[in-house]
Peer 1: 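I have a structure here, written as structure tokens, and I will follow up with some questions on it.
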Amino acid sequence: MQPRQSMPAWAAALFLLLVLPAQAQYLPARPFSHNLQHWQKAGEAQFSAVQFQGKTAALIVVPPAAPLQYQQLQFDVHAGFSAGDVMQADALVRTKSVHDGVGAYMVLEWLDSTGRRIGLNTSYVSRSNGAEGFTLLQAEGQAPQGAASFRMSLILHAHASAWFEQPRLKRIFHWSARPLPPGTLRRIQAYPSKPVQRRFTGFGYDVWTDQLSSSAEKMRTVFYPRWRELNPAFARVHLGAAWNRPELNSMAKALLQMKRTNTSVFATTFHPPALGSSAAIAAYARHAAWQLEYLVLKKGCTNLRWYCPANEMTLSSWGYYLDHLPQYKALNAALYRALAAKHVPVGILGPDASPLSNWSVLPWVMQHMNGLLAGYDVHHYVNSTTPSDPLFAPWFQSEVSKYAGMAARYGKPFMLTEFGSKGDGRVVNGVTLDRCVYFGTPQEPETGTQLADVALAAINGGAGALAYWTFADFPPHPGWLNQWGLFRNRPHNTSRRAPYYACGILSRALRGPAEVCRVRLNDAWMRAVVLRRSSASWEIVVLNRNPFAVHFSLRIAGLRSVLPLSRSAYNPANIRKAQDGGLPPPGSALLVNGKLQGVLAPQSFAVYSSGLPALPHPPAAAWLQKDPQGRPEICWQAPSGTRAAFYRIYLGGREAGITSSLRFVLPPHASGHSCSVAAVDFWGRTSRQVRASGSQPANATLEKG
């Protein structure tokens with residue numbers, strides 16, 4: 001018999017992480033006591049314990065004369081949990097005579113040591129809850145930092161009656177916030193034979209159409225070069241319900257630019273008209289099918305692959321279809337028939353539900369609409385934790401995994417088509433501030449790490465594609481300020497924000513088609529994603545959520561070759577930028593027999609890519625001429641070989657601008673200065689400069705590019 005050997009410290013830590021999170025019951029599912037013991041009453045209502053269908057139920061009756069005060073029964077928990085724990089609350093409800101208010105529902109409320117609310121999670125809110133029989137209410141929430149207690153509340157906000165039965169409150173996810181010691185090697189193991197996802201499309205952005213309605217010059221010198229620099233594989237765009245040929249022609253130009261970056265596009269209608277009859281639904285569906293037919297089959301926008309007829313299930317009000325699921329099915333069925341009649345190769349995505357608490361409609365949608373839909377998509381914003389806090393991502397990954405697993409059983413992909421950090425939502429001086437609260441603050445750089453953390457959680461959870469909201473700020477609108485962009489969108493200010501550099505190095509690398517390998521780590525504060533396109537083509541992302549620098553070792557099981565890698569990194573404490581403010585070119589690393597080693601600063605991450613092509617070829621020729629308005633411009637012929645992402649123009653040896661086209665209007669002071677141009681590839685590497693001659697060379701052409 002061999003002597004027993006002790007388990008290495010890192011292996012012991014890995015073993016502990018693989019054990020299912022311990023669950024705890026705070027309130028087991030059982031009937032209420034006869035005197036509603038342990039439940040506090042709030043609001044002007046009649047509260048009692050009654051026999052209902054053979055069980056003791058809690059009855060709340062709000063009489064007609066009482067003011068609506070969110071009348072409720074409350075159950076408080078003051079111990080036995082820690083920050084990062086996720087609680088699930090359940091109860092059954094039956095209602096009678098709900099005609100006003102919002103009906104019966106449930107919340108989880110997080111309180112600090114002074115009793116102040118610091119977090120709130122709700123069940124599905126609807127007047128139809130319990131109207132036709134007992135309805136299951138369920139709310140899930142994660143304990144934020146500073147939570148000293150939490151409260152489960154059963155609420156009736158209506159002049160009506162509600163019977164609640166079998167309340168249950170339990171912990172479903174436990175997070176240990178104790179990192180390994182700083183000097184411990186972080187070990188990451190990737191398993192290509194056990195993919196989480198076999199059909200990963202890629203990481204990208206939401207692009208509001210107003211962002212693409214700028215001047216042609218701004219599109220050439222700002223939007224399109226940056227789009228090509230970030231090189232996203234996925235995009236979500238707005239398709240107006242009433243658009244006809246003029247608007248569609250404008251949209252087609254943008255879609256064809258996205259086609260040049262091999263970007264798969266998902267279109268959504270944000271403000272559909274009221275649809276009060278089956279005839280109106282059919283007419284709406286026919287027009288949407290004609291729009292898609294025009295874009296895909298007439299204009300050649302074959303990268304437009306999916307469509308959703310109602311953003312976030314909205315019709316006359318936000319989330320309208322959450323309360324009218326049969327109508328939602330009827331709308332999608334009409335659209336499905338209209339697309340089939342025109343043979344348009346565009347699939348329908350849904351339900352576009354937001355936030356995570358509304359993902360609960362997915363089982364119904366999957367059960368009743370799977371034959372209509374090409375896939376399932378959802379949204380969520382991280383409102384519960386700060387950018388430097390690692391608590392959210394592990395739970396989010398478990399939630400994505402749950403719903404992606406459901407979708408996979410139905411044979412469909414699951415996509416996160418909107419996500420972001422914490423939103424504002426205040427109204428200040430009559431203006432709605434629809435923006436990220438951390439932009440323009442010292443925490444802005446940390447949002448880059450948080451967004452990467454969420455993206456990696458979604459990918460490892462099985463999401464087939466994901467899109468950050470948004471690529472650029474919306475242009476100014478009266479009474480509404482939408483500022484979520486990776487860069488600003490003002491007439492004289494298009495400066496980049498910190499997340500541009502974090503999301504940019506992710507989107508230019510995380511492209512499909514690819515398989516997502518399953519990974520295991522010995523540190524719960526570390527993250528990793530490993531994509532495989534082929535045996536010689538890999539994308540690796542490693543993220544450090546520790547408050548100190550760490551050494552890591554990543555091994556890909558079964559790989560026995562030596563592969564050169566490019567390396568791009570994001571460190572919120574020291575964001576690297578190119579000379580023109582864009583993404584810097586990558587460094588280098590080696591993957592030796594499937595093993596990669598490195599060091600990461602606190603709250604930073606690195607992206608490693610194989611298969612980096614040779615340096616870009618320079619433009620074939622360049623010359624000076626006058627444009628139709630008589631202004632001096634430099635023109636050039638597209639380089640041979642690898643296609644350029646965009647071009648840099650130099651005046652007197654200094655950079656004068658960038659553009660996506662093959663011409664650039666020079667500033668008035670250009671006279672007397674030498675002028676040259678260089679090609680930039682999709683990895684930010686610049687070719688040698690080609691100096692412009694005085695006239696167009698023979699046989700030169702501008703047809704390419």
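What you see is a predicted model; the values in this text were computed from it and never measured.
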Peer 1: Could you check, using the six-membered ring where one of them is a Trp, whether Y328 and H324 have ring centers closer than 6.0 angstrom?
Peer 2: no

Peer 1: Compute the centroid of each ring, for Y26 and then for H78, and state whether the two points are separated by less than 6.0 Å.
Peer 2: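 Judged by ring-centre distance (under 6.0 Å), Y26 and H78 do not meet the cut-off.
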
Peer 1: For the side chain of D453 and the backbone of A393, is there at least one donor-acceptor N/O pair under 3.5 Å apart?
Peer 2: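 Not confirmed, D453 side chain does not pair with A393 backbone.
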
Peer 1: Under the side-chain contact (heavy atoms from CB on, under 4.5 Å) rule, what do D90 and L137 come out as? Steps first, then yes or no, please.
Peer 2: CA-CA 6 Å; D90 299 302; L137 302 177; over 6 Å; no

Peer 1: Any chance you could measure Q74, atom CD, to K41, atom NZ, to the nearest 0.5 Å?
Peer 2: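 The CD atom of Q74 sits 11.0 Å away from the NZ atom of K41.
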
Peer 1: Decide yes or no for D206 and E418: does some side-chain heavy atom of the first lie under 4.5 Å from some side-chain heavy atom of the second?
Peer 2: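 D206 vs E418: side chains touch.
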
Peer 1: Is there a ring pair (Phe, Tyr, Trp, His ring centres under 6.0 Å) between F419 and W484 once you walk through the steps?
Peer 2: CA-CA 10 Å; F419 75 98; W484 291 90; over 10 Å; no

Peer 1: Between Q291 and Y307, does a side chain to side chain donor-acceptor pair (under 3.5 Å) hold up when you go through it step by step?
Peer 2: CA-CA 11 Å; Q291 291 176 319; Y307 174 69; 4.9 Å; no

Peer 1: Using every non-hydrogen atom in the two residues, find where A91 and P167 come nearest and quote the distance to one decimal.
Peer 2: CB-CA, 4.1 Å

Peer 1: Where the side chain of Q88 meets the backbone of E140, is there a donor-acceptor pair that is under 3.5 Å apart?
Peer 2: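 Absent.
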
Peer 1: Students often mix this up, so state it plainly: with edges at 30° and 60°, are the rings of Y468 and Y205 parallel, tilted or perpendicular?
Peer 2: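 Rings of Y468 and Y205: perpendicular, over 60°.
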
Peer 1: Considering residues, nucleotides and ligands other than E132, do more than 12 of their heavy atoms fall under 6.0 Å from its CD?
Peer 2: no

Peer 1: Check whether any side-chain heavy atom of Q46 lies under 4.5 Å from a side-chain heavy atom of I60, and answer yes or no.
Peer 2: no

Peer 1: Taking the side chain as every heavy atom from C-beta outward, state whether T95 and N129 have any pair of such atoms under 4.5 Å apart.
Peer 2: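 Counting from C-beta outward, T95 and N129 never come under 4.5 Å.
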
Peer 1: In the structure I gave you, are the side-chain heavy atoms of Q450 and T385 within less than 4.5 Å of one another anywhere?
Peer 2: yes

Peer 1: Drop me the distance from S149's OG to D76's CG, to the nearest 0.5 angstrom.
Peer 2: 6.0 Å

Peer 1: So, does S277 use its side chain to make a donor-acceptor pair with the main chain of A280 at under 3.5 Å?
Peer 2: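 Yes, because the side chain of S277 sits within donor-acceptor range (under 3.5 Å) of the backbone of A280.
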
Peer 1: Are side-chain heavy atoms of H38 and F75 found at a separation under 4.5 Å?
Peer 2: yes

Peer 1: Do K422 and Y438 come close enough that some side-chain heavy atom pair is under 4.5 Å?
Peer 2: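 The answer is yes; the side chains approach within 4.5 Å.
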
Peer 1: Name the orientation class of the two ring planes belonging to F270 and W469 (parallel below 30°, tilted from 30 to 60°, perpendicular beyond 60°).
Peer 2: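 Correct class here is tilted.
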
Peer 1: Do any N or O atoms from the side chain of T269 and from the backbone of L239 form a donor-acceptor pair under 3.5 angstrom?
Peer 2: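 Yes: the side chain of T269 pairs with the backbone of L239.
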
Peer 1: Parallel, tilted or perpendicular: which fits the ring planes of F52 and F134, with parallel below 30° and perpendicular above 60°?
Peer 2: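 If you compare the ring of F52 with that of F134, the planes turn out perpendicular.
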
Peer 1: What distance separates D424 CG from Q483 CD, expressed to the nearest 0.5 Å?
Peer 2: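 D424 CG to Q483 CD: 10.0 Å, rounded to 0.5 Å.
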
Peer 1: Treating S123 as the side-chain partner and Q138 as the backbone partner, does any N or O pair qualify as donor plus acceptor under 3.5 Å?
Peer 2: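 Looks like no, no N/O pair under 3.5 Å.
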
Peer 1: Has Q40 got a side-chain atom pairing as donor or acceptor with Q72's backbone, closer than 3.5 angstrom?
Peer 2: no

Peer 1: Checking the side chain of D85 only, and the main-chain atoms of S82 only, is there a donor and an acceptor separated by less than 3.5 Å?
Peer 2: yes

Peer 1: Within a reach of under 6.0 Å around NE2 of H368, are more than 12 heavy atoms found that belong to other residues, nucleotides or ligands?
Peer 2: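 Yes, NE2 of H368 has more than 12 neighbouring heavy atoms, counting only those of other groups under 6.0 Å.
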
Peer 1: Does D323 come within less than 4.0 Å of R127, counting only side-chain N to carboxylate O?
Peer 2: no

Peer 1: Rounded at 0.5 Å granularity, tell me how far CG in L356 sits from CG in N383.
Peer 2: 11.5 Å

Peer 1: Side chains of R30 and Q166, heavy atoms from C-beta outward: is any pair under 4.5 Å?
Peer 2: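 They are not in side-chain contact.
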
Peer 1: What do you reckon, are the aromatic ring centroids of H157 and Y70 less than 6.0 Å apart?
Peer 2: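 Aromatic pair counts; centres sit under 6.0 Å.
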
Peer 1: For W480 together with F474, are the ring centres under 6.0 Å from each other?
Peer 2: yes

Peer 1: Could you check, using the six-membered ring where one of them is a Trp, whether W243 and H238 have ring centers closer than 6.0 angstrom?
Peer 2: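 Ring-ring flag for W243/H238: true, centres closer than 6.0 Å.
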
Peer 1: Do you know which two heavy atoms are closest between G462 and Q197, and how far apart they sit?
Peer 2: O-NE2, 2.7 Å

Peer 1: Run the numbers on M313 and L325 for side-chain contact (heavy atoms from CB on, under 4.5 Å), then give the verdict.
Peer 2: CA-CA 9 Å; M313 306 187 77; L325 289 173; 3.7 Å; yes

Peer 1: Do R426 and D434 sit within salt-bridge range, that is, some charged N less than 4.0 Å from a carboxylate O?
Peer 2: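 Result for this pair is no, no salt bridge flagged.
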
Peer 1: Does the pair L466 and F200 meet the rule for a side-chain contact (heavy atoms from CB on, under 4.5 Å), with working shown?
Peer 2: CA-CA 10 Å; L466 58 160; F200 182 69; 4.0 Å; yes

Peer 1: Dump the intermediate steps for side chain to side chain donor-acceptor pair (under 3.5 Å) on H477 and N482, then the final yes or no.
Peer 2: CA-CA 8 Å; H477 287 263; N482 193 284; over 6 Å; no

Peer 1: Above 12 or not: heavy atoms from other molecules or residues under 6.0 Å from OH of Y336?
Peer 2: no

Peer 1: Would you compute the distance between atom CG of L510 and atom OG1 of T201 and round it to the nearest 0.5 angstrom?
Peer 2: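 It is 12.5 Å, given to the nearest 0.5 Å.
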
Peer 1: With sequence neighbours left out, what residues match A334 under side chain to side chain contact (heavy atoms under 4.5 Å, CB included)?
Peer 2: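 Counting only residues at least two positions away or on another chain, A334 forms a side chain to side chain contact (heavy atoms under 4.5 Å, CB included) with I281, A285, R337.
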
Peer 1: So does A524 get a backbone contact from the side chain of R527, meaning a donor-acceptor N/O pair under 3.5 Å?
Peer 2: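 It does hold such a pair.
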
Peer 1: Can the ring centroids of Y376 and W359 be said to lie less than 6.0 angstrom from one another?
Peer 2: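 For Y376 and W359, the ring centres are not under 6.0 Å apart.
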
Peer 1: Is there a donor-acceptor pair under 3.5 Å between the side chain of R94 and the backbone N or O of A162?
Peer 2: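 Answer holds: no.
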
Peer 1: Mind checking the CZ-CZ spacing from R236 to F234? Nearest 0.5 Å is all I need.
Peer 2: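 With rounding to 0.5 Å, CZ (R236) is 8.5 Å from CZ (F234).
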
Peer 1: Would L59 and S161 satisfy side-chain contact (heavy atoms from CB on, under 4.5 Å), going step by step from the backbone distance to the final call?
Peer 2: CA-CA 7 Å; L59 173 62; S161 302; 4.3 Å; yes

Peer 1: Could you tell me whether the side chain of V86 reaches within less than 4.5 Å of the side chain of R171, counting heavy atoms only?
Peer 2: no

Peer 1: Enumerate, atom names and distances included, each donor-acceptor pair closer than 3.5 Å involving a side-chain atom of residues 399-415, sequence neighbours excluded.
Peer 2:
from: K412; atom 1: NZ; to: N370; atom 2: O; distance (Å): 2.6
from: K412; atom 1: NZ; to: N370; atom 2: OD1; distance (Å): 3.3
from: K412; atom 1: NZ; to: L373; atom 2: O; distance (Å): 2.6

